[in-house]
There are 2 protein chains.
Amino acid sequence: MIAEGKVITSSQELGQRLGLSSAQIRKDLSQFGEFGKQGTGYNITFLAEQLRRILKVDQLWNIALVGAGDLGRAVANYGGFFDRGFRITKVYDIDPQKIGQRIGGFIIHDVASMAADIRKTKIKIAMLAVPAADAQSVTDKLVEAGIQAILCYAPVSLKVPESVKIQYIDPVLRLQHMTYYVS
Amino acid sequence: MIAEGKVITSSQELGQRLGLSSAQIRKDLSQFGEFGKQGTGYNITFLAEQLRRILKVDQLWNIALVGAGDLGRAVANYGGFFDRGFRITKVYDIDPQKIGQRIGGFIIHDVASMAADIRKTKIKIAMLAVPAADAQSVTDKLVEAGIQAILCYAPVSLKVPESVKIQYIDPVLRLQHMTYYVS
DNA sequence: TAGATTGTTAATCGATTAACAATC
DNA sequence: TAGATTGTTAATCGATTAACAATC
């Protein structure tokens, strides 16, 4: 809407664009504050700012990448993170052959130094691109070191304390979500 | 459970492992049939077979990949599809420089021939790894050609008819789902 | 002032859970 | 036969929607 040059919107328009009812929009927003004006609606830039603040995407997050194989390399080379508030600051692998080499401009560090690094630099988010068989043990180390969120590229289900958030990137799972509907 | 050598399970055990109530397990399964035995529970291999059939993941699905840039190359080289019932059979790009070359063992074909190919081969699922700016126009062509499900790697929101299913792979979106909970 | 739209309360709807007859 | 667990109905819970006073 900002790109379209619009200044004000309403719960009705937001609902229409998002496929929700206007009541849902107002109810959800009201959980976090009063962002609109009666009779007028919502100022779009103000609302966007508030939403970014609420979701904590109004800052730059540092990320540790674990795993420098094919998948890790693809992730490290992906250019879409920085623009959208995320920055890989460290890359780790366990393979002595890889340690010291570079991928995507990052030096590959030894996982042995990972826990201490993460504690020191207070990195909160990690991306996991290790083989499925290693994912749980690496996760345990990350959690122990104070990581609070993990984006996991391995096709496994990780066990973590409730306080740690996990999201998975598994293209096959996404495909499987759709086959049911395909005839 | 199969790997663990177990033969029979119950709605209670399934619920426990999945973080759901036993009633939820029974209710959901009963939507599709009667898979258990009173007093005994569910035969695990039989249940798994039935679930695969219901979800249509008991077959090999052919997939068209559109876009042979960095992302497309990574997708084409990803070895995890075939084992899990998906096979890329065609790769397309619009760049004359790329057409005829190979990525991940696939010859890159001209998008100009895509619609006719898809109609002829009856491919139902496509993966989209084109620049965000091209995603909608390519999607329109795919839908027109009869594609029923699209896995989109571009960070955009695609407009498609209700009958077409879409799933997105956007690591930044996944990261943004977690920042709210990170302190 | 009249019209429009918010934030919120009350009503409705649908999903989850509890309970139990059926039966292995 | 006694114990266990299913599939399903009824009860409960929570989420969505409708309605409206407040007010810009």
Side-chain angles (χ1 to χ4, degrees), chain A residues 1-56 58 157 162-163 165-167 173 176-181, chain B residues 1-56 58 157 162-163 165-167 173 176-181:
Chain A
M1 287 183 178
I2 292 168
E4 290 169 19
K6 291 179 65 74
V7 176
I8 299 286
T9 187
S10 65
S11 58
Q12 190 170 41
E13 187 184 22
L14 287 166
Q16 200 143 53
R17 297 210 186 200
L18 292 166
L20 301 168
S21 70
S22 63
Q24 189 75 79
I25 298 288
R26 295 199 299 282
K27 196 112 218 272
D28 285 1
L29 290 177
S30 75
Q31 299 295 315
F32 296 98
E34 306 193 0
F35 306 120
K37 267 203 185 74
Q38 282 107 323
T40 310
Y42 301 91
N43 178 297
I44 295 166
T45 54
F46 176 74
L47 183 60
E49 230 167 66
Q50 295 304 307
L51 290 175
R52 271 196 289 267
R53 180 183 54 75
I54 291 163
L55 297 170
K56 297 190 195 155
D58 60 343
S157 180
E162 263 200 57
S163 63
K165 297 295 161 190
I166 300 222
Q167 290 275 312
L173 219 53
Q176 289 178 339
H177 280 317
M178 300 192 286
T179 51
Y180 177 75
Y181 303 98
Chain B
M1 288 184 179
I2 292 169
E4 289 169 21
K6 291 179 62 74
V7 175
I8 299 287
T9 186
S10 64
S11 57
Q12 190 170 41
E13 188 184 21
L14 286 166
Q16 199 142 53
R17 297 211 186 198
L18 292 166
L20 303 168
S21 69
S22 62
Q24 188 74 79
I25 298 288
R26 294 198 299 281
K27 196 111 217 272
D28 286 2
L29 290 177
S30 74
Q31 298 295 314
F32 296 98
E34 306 193 359
F35 306 120
K37 268 204 185 73
Q38 283 108 323
T40 310
Y42 302 90
N43 178 297
I44 295 166
T45 54
F46 176 74
L47 183 60
E49 230 167 67
Q50 296 304 308
L51 291 174
R52 272 195 290 266
R53 180 182 55 75
I54 292 163
L55 297 170
K56 296 189 195 157
D58 59 345
S157 180
E162 263 200 58
S163 63
K165 297 296 159 189
I166 300 223
Q167 291 275 313
L173 219 53
Q176 288 179 338
H177 279 317
M178 301 192 286
T179 52
Y180 176 76
Y181 303 98

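Every heavy atom of this structure was used, including side-chain atoms; hydrogens, water molecules and symmetry mates were not. Labels below follow one simple rule: chain letters A, B, ... track the order of the sequence lines, proteins then strands, and each chain is numbered from 1.
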Name all residues meeting the side chain to side chain contact (heavy atoms under 4.5 Å, CB included) criterion together with [X]; count only those two or more places apart in sequence or in a different chain, and write none if there are none.
{"X": "Gln176(A)", "result": "Val172(A), Leu173(A), Val57(B), Phe86(B)"}
{"X": "Ser30(B)", "result": "none"}
{"X": "Gln16(B)", "result": "none"}

Heavy-atom check, side chain of Leu14(A) versus side chain of Leu20(A), under 4.5 Å
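Contact flag for Leu14(A)/Leu20(A) side chains = no.
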[atom1] of [X] versus [atom2] of [N]: gap in Å, rounded?
{"X": "Phe32(B)", "N": "dT8(D)", "atom1": "CZ", "atom2": "C1'", "answer": "16 Å"}
{"X": "Glu34(A)", "N": "dT5(C)", "atom1": "CD", "atom2": "C1'", "answer": "13 Å"}
{"X": "Ile8(A)", "N": "dA4(C)", "atom1": "CD1", "atom2": "C1'", "answer": "13 Å"}
{"X": "Ile44(A)", "N": "dT6(C)", "atom1": "CD1", "atom2": "C1'", "answer": "16 Å"}
{"X": "Phe46(A)", "N": "dT6(C)", "atom1": "CZ", "atom2": "C1'", "answer": "14 Å"}

How far apart are the closest heavy atoms of Ile8(A) and Asn43(A), and which atoms are they?
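Between these two residues, the closest heavy atoms are CD1-CA, 3.9 Å.
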Closest of dC24(C), dG7(D), dT6(C) to the Tyr42(A) side chain is dT6(C)
Can you pull out every salt bridge (Lys or Arg N to Asp or Glu O under 4.0 Å) where at least one residue sits in [range]? Sequence neighbours excluded, please.
{"range": "residues 25-45 of chain B", "value": "none"}
{"range": "residues 38-49 of chain B", "value": "none"}
{"range": "residues 15-24 of chain B", "value": "Glu4(B)-Arg17(B), Glu13(B)-Arg17(B)"}

Can you sort out the partners of Gln38(A) under side chain to side chain donor-acceptor pair (under 3.5 Å), two or more places apart, ordered by chain and number?
none
Counterpart residues, side chain to side chain donor-acceptor pair (under 3.5 Å), relative to Asp58(A) (two or more places apart):
none
Nucleotides 11-23 of chain C: protein proximity per nucleotide (B base, S sugar-phosphate only, - neither; heavy atom, under 4.0 Å)
-----SBBB--BB
Arg52(A): salt bridge (charged side-chain N to carboxylate O under 4.0 Å, His left out) partners, not counting sequence neighbours
none
Tell me the stems DNA chain C sits in, counting at least three consecutive Watson-Crick or G-U wobble pairs, each under 3.5 Å on both distances.
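Only these stems qualify: C:3-24 with D:3-24.
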Heavy atoms within less than 4.0 Å of DNA chain C: which residues of residues 9-17 of chain A have one? Give them sorted by number.
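By residue number: Ser10(A), Ser11(A).
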